[in-house]
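Along the sequence shown, the residues carry numbers beginning at 1.
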Amino acid sequence: MCPSTTAHPRSDFSLVFPPAPGWVRTAREAVRTALAAAQREELADTALLLTSEVVTNAVNACLGSGCSAPVSMSVGWMSGGALLVLVYDDAPGVPAQCGQRIPPDAECGRGLWLVRSQAADWGVCGNRPGQGKAVWFRLVG
């Protein structure tokens, strides 16, 4: 099951966009704006890096599988002030993960390794009916 947020009206938002690489920057900038509005800039470097990785994985999964359904991103604040970012795509399967050590020539798994090493918590879950999945991460200040 995917985590849920406790609403915080100043910065909770969703973004829905086509599975195209140009939207990764837009997603990252939307998170930057939400952090600034909530005066939580101390989370910015990590949040922007992980957002880029998770959104890029979702876009690439869609492009690689031929799905044309939009990618969606939800960002919100959990109780205690943790930031939750959830990115959903309609592509089948789950993201590739490498083990604890990633070989220098590995072509997959680096993004989730970053998420695993930098987030307070993260996961992959079903979020809607169908074959898609959501990848989420939580950051605490």
With a 4.5 Å heavy-atom cut-off, do [X] and [Y] have their side chains touching?
X    : Y    : result
C67  : C62  : yes
V71  : V87  : yes
R138 : V140 : yes
V85  : V54  : no
L86  : M73  : no
S65  : D89  : no
L35  : E41  : no
L114 : L50  : yes

Pairwise distance [atom1]([X]) to [atom2]([Y]) - rounded to 0.5 angstrom:
X    : Y    : atom1 : atom2 : value
S72  : F17  : OG    : CZ    : 7.5 Å
W122 : F137 : CH2   : CZ    : 12.0 Å
R25  : T51  : CZ    : OG1   : 14.5 Å
L43  : R32  : CG    : CZ    : 13.0 Å
L49  : R28  : CG    : CZ    : 9.5 Å

Mind listing the closest non-hydrogen atom pair of [X] and [Y] along with its distance?
X    : Y    : value
G141 : E42  : CA-OE2, 4.2 Å
P92  : Q131 : CB-OE1, 3.6 Å
A47  : L83  : CB-CD2, 3.9 Å
L15  : A30  : CD2-CB, 4.3 Å
Y88  : G132 : OH-CA, 3.5 Å
L139 : Q118 : CD2-O, 3.8 Å

Item checked: Whether R40 side chain and G81 backbone form a donor-acceptor pair below 3.5 Å -> yes
Next item on the list: Can you sort out the partners of T56 under side-chain hydrogen bond (donor to acceptor under 3.5 Å, both in side chains), two or more places apart, ordered by chain and number?
Entry: none
Check: Do the side chains of V55 and V124 join up, straight or via other hydrophobic residues, at under 4.5 Å, putting them in one cluster?
Finding: yes
